[in-house]
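Convention: sequence-line order gives letters A, B, ...; per-chain numbering from 1. Side chains are part of it too, since the values below use all heavy atoms of this structure and drop only hydrogens, waters and symmetry mates.
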There are 2 protein chains.
Amino acid sequence: MTTIKDVAKLLNISITTVSRALDGYDDVAQETRELVIRTAQEMGYTPNRAARQLRKQRSETIGYILPTDKPQFADAFYSEFIAGLGDAAAASNFDLLVSAAPPDSAAEKAIYQRWAQGRKVDGLVVNRTRLQDWRLQYLSGQKLPFVSLERSLLPLEFIGVETDIAQGYLDLIGHLTSQGHSRIAYIGAAPDLKIDHDRYTGYRSGLEAASIAPDPALVTRADLTPEGGYQAAIRLLNQATQPSAIVCVNDLTAIGAMHAAHERGLKVGRDIAIAGFDGVADSAHTQPPLTTLDQPVYTIAGLLVNMLLKLIDGKPLDEHQVRIKPNLLIRASTVG
Amino acid sequence: MTTIKDVAKLLNISITTVSRALDGYDDVAQETRELVIRTAQEMGYTPNRAARQLRKQRSETIGYILPTDKPQFADAFYSEFIAGLGDAAAASNFDLLVSAAPPDSAAEKAIYQRWAQGRKVDGLVVNRTRLQDWRLQYLSGQKLPFVSLERSLLPLEFIGVETDIAQGYLDLIGHLTSQGHSRIAYIGAAPDLKIDHDRYTGYRSGLEAASIAPDPALVTRADLTPEGGYQAAIRLLNQATQPSAIVCVNDLTAIGAMHAAHERGLKVGRDIAIAGFDGVADSAHTQPPLTTLDQPVYTIAGLLVNMLLKLIDGKPLDEHQVRIKPNLLIRASTVG
DNA sequence: ACCAATCTCCAAAACGTTTTGGGAGAAGGC
DNA sequence: GCCTTCTCCCAAAACGTTTTGGAGATTGGT
């Protein structure tokens with residue numbers, strides 16, 4: 001491993017000068033700088049990250065923890081989200097540290113502590129925000145910068161990105177009612193999740209806007225997986241008052257719900273309408289193609305990272321909260 | 001931030017003793033050890049990672065780079081794979097560094113160099129191995145430990161996990177022929193990928209075992225996405241000699257292919273059989289449910305990490321190559 | 001010819017650990 | 001009572017950077 005000392009020795013100058021030449025300080029002669037840069041390049045010198053971190057007291061690393069409820073954590077949302085985080089971080093020469101833990105578990109807490117205490121990361125991205133989310137409190141307390149996708153209900157300043165769910169659901173429910181639906185069901189997620197809270201609220205105001213009386217029997221929850229959506233849809237379809245349309249908290253849930261409908265011999269689109277949210281799964285290629293509220297996951301991840309980096313650098317943010325309007329993609333699953 | 005010095009000062013002992021007490025050396029009195037551990041706990045002391053790395057010359061971090069061909073990198077395989085890597089690493093107190101770059105790009109090379117030169121990681125996991133893969137050569141040259149999912153054709157020692165594709169395809173093609181199929185098509189991936197190479201070879205020997213003459217017109221390639229599978233299937237279905245069955249290199253490709261078949265008015269399962277590979281996508285809930293060769297992605301990731309950690313520690317491996325037999329899940333997409 | 005200002009450069013300190021190479025005192029053997 | 005062996009502890013070095021606080025040339029003004 002070649003160190004800064006090797007470069008300095010070869011050039012017969014001090015390591016100070018090498019360091020400053022590479023860092024672009026202006027108290028080093030143009031000629032020397034070029035020489036240093038060239039030599040460092042030739043020798044294949046890259047600063048040792050640990051040493052640099054130790055001295056600068058920052059790790060140039062951001063962290064993200066996957067909310068893995070179960071080992072089979074297959075959700076395309078997250079592959080795209082991580083790709084977005086990784087790309088944006090790399091573009092600013094930051095690294096991305098990833099771990100996985102079940103939401104609200106001891107393991108999750110342990111990772112947060114390890115990262116925060118050891119200053120392993122300069123900041124964190126959190127998503128799947130919960131209504132009362134200790135993570136946000138903890139990070140605030142630790143004075144560790146963070147951004148989140150979806151705000152919590154805690155009285156903390158929110159910095160991050162939020163999907164404009166209200167508007168999205170107005171569009172979606174409007175579309176469904178224009179197709180003649182009035183018995184519109186909702187399959188949500190765990191009620192302590194912000195996304196469920198928001199989407200359920202959006203669902204209710206969508207109904208209200210269409211002057212449809214809400215029916216509690218048409219509301220159920222699942223766990224954001226196809227299997228959960230499948231089971232939930234079966235529950236709905238087994239009831240006396242069957243839904244004519246189902247809006248689902250995410251695409252995976254909708255995929256499961258479509259499966260259940262098919263099993264019942266219902267033709268999705270004609271006999272029952274089903275819609276998702278995310279636009280990230282294979283929604284364009286399901287059978288039938290799935291109507292969904294598409295959100296640009298990759299872009300959102302990039303936005304979050306850039307906000308976080310500004311926070312870390314103490315630079316001012318253009319806006320503390322970015323609202324993203326989801327895009328209603330109408331496909332065959334909701335048009336007869 | 002409390003440091004080891006703070007702990008030592010409070011207890012009026014040397015930092016050496018604190019360090020050794022916490023690290024479990026046996027040259028510290030039982031009484032002292034307990035006191036130190038308790039105090040450190042109470043003070044919320046966690047060793048500074050950078051300092052520790054600098055001194056120990058290892059980062060206790062492993063790296064993985066996502067092969068993001070395009071921004072929309074939605075593939076549930078990778079969310080599960082990363083969850084597996086993250087969990088296994090965390091179980092050994094290692095961290096997982098993730099980045100993203102298009103395969104075989106300058107960006108990819110830059111990340112590998114940055115991580116290798118700066119010793120930012122102690123080892124790497126690589127997948128989507130290519131037949132001639134410079135990454136493996138580079139890492140070998142840098143003497144940086146790595147494990148890979150799927151071997152390359154390079155004359156390098158292979159340490160990692162390999163799916164027993166030959167056996168899997170024998171099972172799958174056997175299943176298809178027993179259903180009366182003989183015009184079996186193959187939708188692969190880029191031919192320089194090891195997985196395409198292996199699966200194509202498996203496909204060919206599967207045909208051979210069933211005494212079916214291979215037809216080049218029934219072989220095409222896509223890019224592992226639903227969209228690619230959709231386009232490829234359209235090409236196949238537009239031909240004079242139409243396939244009666246299609247085996248796809250992964251589940252996403254199969255999902256796209258099913259979409260194309262549906263659009264043609266074909267009933268998948270009855271009019272045409274379609275099978276995937278991965279078992280990770282929402283294959284159980286597609287319409288119809290998809291026959292696939294299931295591989296335990298989460299487990300494989302864990303195996304890889306544990307092999308890598310042994311490599312890093314210089315410990316002997318039980319086996320250098322682990323073969324995983326994929327599990328044929330027969331579902332409605334291949335049974336009429 | 002002198003002083004001040006400007007350019008370049010550098011030695012040494014600091015970041016927070018782990019490891020090396022003992023050293024003091026108690027216990028044990030004769 | 002002396003020598004040896006444990007037991008428990010510690011001071012100092014080292015890891016590879018960045019930053020601090022100048023110091024020696026050179027230039028420019030008068």
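We find that A/Arg49 and A/Asp95 are joined by a salt bridge, their nearest charged nitrogen and carboxylate oxygen being less than 4.0 Å apart. Under the 4.0 Å criterion applied to side-chain N and carboxylate O atoms, B/Glu108 and B/Arg130 are assigned as salt-bridge partners. A salt bridge links A/Arg58 with A/Asp313: the distance from a Lys NZ or Arg NE/NH1/NH2 to an Asp or Glu carboxylate oxygen falls below 4.0 Å.
The separation between A/Asp26 atom CG and C/dT6 atom P is 13 Å, rounded to whole Å. Look at CD on A/Glu60: it is 13 Å from P on D/dT17, rounded to the nearest Å. Atom CZ of A/Arg58 and atom C1' of D/dT17 are 15 Å apart (whole Å). For B/Asp23 and C/dG16, the CG to P distance is 18 Å, given to the nearest whole Å. The distance from atom OH of B/Tyr25 to atom P of D/dC10 is 16 Å, rounded to the nearest whole Å. Note: NZ (B/Lys120) to P (D/dG16) measures 17 Å, nearest angstrom. Rounded to a whole Å, the CD atom of A/Gln53 is 18 Å from the P atom of D/dC15. Rounded to a whole Å, the CZ atom of A/Arg119 is 17 Å from the C1' atom of C/dT17.
Using a 4.0 Å heavy-atom cutoff across all strands shown, A/Ile15 reaches at least one base atom of the nucleic acid. Among the heavy atoms of the strands, none lies under 4.0 Å from A/Arg49. Residue contacts shown for A/Thr16 include a base, since a base heavy atom lies under 4.0 Å away.
The B/Asn48 side chain lies nearest to C/dT17 when the options are C/dT8, C/dT17, D/dT18. Of the candidate nucleotides D/dC8, D/dG16, D/dT19, D/dT19 has the atom nearest to the side chain of A/Lys56. Taking only side-chain atoms of A/Ser19, from C-beta outward, the nucleotide of C/dC15, D/dC10, D/dT19 with the closest atom is D/dT19. Side-chain proximity of A/Val28 to the nucleotides C/dC9, D/dC10, D/dG16 is greatest for C/dC9. The nucleotide whose nearest atom lies closest to any side-chain atom of A/Arg52 is, among C/dT19, D/dT18, D/dC15, D/dT18.
Distance NZ/B/Lys120 to OG1/B/Thr61: 7.5 Å, rounded to 0.5 Å.
Considering A/Leu149, A/Val280, A/Ile82 in turn, A/Val280 is the only one that fulfils the side chain to side chain contact (heavy atoms under 4.5 Å, CB included) rule with A/Val297.
Contact between the side-chain N/O atoms of B/Thr3 and the OP1/OP2 oxygens of C/dC15 is not found at any separation under 4.0 Å. Put simply, A/Thr17 has a side-chain N or O that comes within less than 4.0 Å of OP1 or OP2 on C/dC10.
Comparing B/Gln57 and B/Arg20 by the nucleotide of DNA chain D whose heavy atom lies nearest to each, the residue mapping closer to the 5' end is B/Arg20.
Between B/Tyr78 and B/Tyr64, the two ring planes are parallel [angle under 30°; tilted spans 30° to 60°]. A perpendicular orientation is assigned to the rings of A/Trp134 and A/Tyr138, their planes being inclined by more than 60° (bins at 30° and 60°).
Five base pairs at each end of the helix from C/dA1-D/dT30 to C/dC30-D/dG1 define two local axes, and these are offset by 50° (rounded to 10°).
One cannot find a donor-acceptor pair under 3.5 Å joining the base of D/dT17 and the side-chain atoms of A/Arg55. A donor-acceptor contact under 3.5 angstrom links the side-chain atoms of B/Asp27 to the base of D/dC9.
Side-chain polar atoms of A/Thr163 and A/Glu150 form a donor-acceptor pair below 3.5 angstrom.
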